[in-house]
Amino acid sequence: MGMTYIPSTLDEALHLRAEKKARPLAGGSDLMVQSKRGIGLAPEFPFDVMIITGLKELKGIRKLDDGSVEIGALSTPAEIADSDLVPWHVRQAASGMGAIALRNSATIGGNIGNASPKGDLPQPLILLDASVVLASIRGERQMLLDDFILGSKKTALGDDEIIKSIVIPDYDFTYLFYRKIGMRKANAISKLSLSVAAVVKDGEIIDFRAASGAAGPRVIRSRDAENLLKGHKTEEIPEIQESFLDSWNNAISPHAMPLYRRNTTRRMLSYFLSAIYSGKAEGIIEEED
Ligand SMILES: Cc1cc2nc3c(=O)[nH]c(=O)nc-3n(C[C@H](O)[C@H](O)[C@H](O)COP(=O)(O)OP(=O)(O)OC[C@H]3O[C@@H](n4cnc5c(N)ncnc54)[C@H](O)[C@@H]3O)c2cc1C
């Protein structure tokens, strides 16, 4: 059984990480479950653990000078969902995570660190080109979250590093869509999720992005598929829609219930595109149940 440490500063935590390879424990909602032993028994970790919940350097949500938003790794889904600084897609995902108790104890750093393809926050963050700030005694580095998450439960986190924060660049989309499909409305792990965003100016699709969650070993974005729409007029959508949908279908690789996941994703993307085509008022595109 490993040792448990409780660092009180980031510097102390980084030394524990470098010297003891202690694994961060934030909300513990993944780590405790993965190490559970049985009813009434405390989890036992086969590695050293450090409880990082007291590190103020990892807390808070703030706007940076360049307009981007920095979310401290210890921010909870409840804090993220409540913050006006956080982009809409990310707030939507945060507000649909687990039940109230989980939304007040889990963290964004843990959701990314766990790197489950069903995790709710990486999907909109990857849509928005968010990056992670990684700290170690060697200094800090920043990399795109899309590059940081390597696969199911695999990340590029060095064994001396801690996720310090997540930075989301400033964007202004004209059309937005978010949908998480679970077994029930609340407290459901995602069966499938999709975020879509587009910038349309004078009838031209200037930017178009989509990100699928739970449709492969990691969050999927396909720049090739996105490029099929970018630069086209919205009136051309009926001509180019099928090749875009086929390209997206080739990009996703759902393991379980592939037909359901493929058809549902296709339907949601078609719905989004028809809304833009039909000249629906700019803003959030809501899909009926
Ligand atoms: C009942 C229940 C319902 C759930 N529902 C959902 C849901 O709807 N949606 C969803 O996405 N998830 C859900 N989860 C999974 C889990 O709650 C989330 O993944 C959560 O965000 C994990 O955060 P945490 O702080 O609890 O992580 P922890 O368990 O503390 O850590 C998870 C992993 O990340 C690493 N880690 C944590 N913080 C850092 C850091 N700062 N730097 C580097 N590594 C770090 C840990 O070492 C560990 O490997 C649910 C879990 C439970 C038990």
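Position 1 is the first residue of the sequence, and the numbers go up from there. What you are looking at is a predicted structure, and each value in this text was computed from that prediction instead of being measured. Whatever order the structure lists them in is the order used to number ligands and atoms, beginning at 1.
- Leu74 does not count as a contact of ligand 1, since none of its heavy atoms falls under 4.0 Å from the ligand.
- Of the polar atoms of Ile163, at least one N or O is found under 3.5 Å from an N or O of ligand 1, judged by distance alone.
- Distance alone, capped at 3.5 Å, is enough to place a donor-acceptor pair between the Ser75 side chain and the Gly72 backbone.
- At distances below 3.5 Å, at least one donor-acceptor pair connects side-chain atoms of Asp48 with backbone N or O atoms of Met3.
- In this structure, Lys180 counts as a contact residue of ligand 1, since one of its heavy atoms falls inside 4.0 Å of the ligand.
- Contact atoms of ligand 1 toward Asn111: 10 (C), 11 (O), 12 (N), 18 (C), 19 (O), 20 (C), 21 (O), 22 (C), 23 (O) (distance under 4.0 Å to a heavy atom of the residue).
- Backbone and side-chain nitrogen or oxygen atoms of Ala73 are examined, and none is located within less than 3.5 angstrom of a nitrogen or oxygen of ligand 1.
- Of the listed residues (Leu102, Ile108, Leu25, Asp30), the one carrying the non-hydrogen atom nearest atom 4 (C) of ligand 1 is Leu102.
- What you find for Ala211 and Val219 is that their closest heavy atoms are CB-CG1, 4.1 Å.
- Ring geometry, Tyr175 versus Phe272: the interplanar angle exceeds 60°, so the pair is classed perpendicular (tilted spans 30 to 60°).
- Which parts of ligand 1 touch Asn114 is read off a 4.0 Å heavy-atom cut-off, strictly below it: atoms 33 (C), 34 (O).
- In this structure, Arg266 pairs ionically with Glu242, as a charged nitrogen and a carboxylate oxygen lie closer than 4.0 Å.
- For the pair Gly28 and ligand 1, the shortest N or O to N or O distance falls below 3.5 Å.
- A cation-pi contact, defined as under 6.0 Å to the ring centre and within 45° of the axis, links Arg209 to Tyr171.
- Between Arg138 and Asp160 there is a salt bridge, since a side-chain N of the basic residue sits under 4.0 Å from a carboxylate O of the acidic one.
- Of the N or O atoms in Ala26, one or more lie within a sub-3.5 Å distance of an N or O in ligand 1.
- For ligand 1, the atoms closer than 4.0 angstrom to any heavy atom of Arg23 are 47 (O), 48 (C), 49 (O).
- At least one donor-acceptor pair closer than 3.5 Å links the side chain of Ser35 to the backbone N or O of Leu31.
- At under 3.5 Å, not a single nitrogen or oxygen of Ala106, backbone or side chain, sits near a nitrogen or oxygen of ligand 1.
- Considering each of Pro77, Gly27, Ser105, Gly113, the one bringing a non-hydrogen atom nearest atom 34 (O) of ligand 1 is Gly113.
- Here is the list of ligand 1 atoms found below 4.0 Å of a heavy atom in Asp120: 7 (C), 8 (O), 9 (N), 10 (C), 11 (O).
- Looking at Pro24 next to ligand 1, an N or O pair under 3.5 Å apart turns up.
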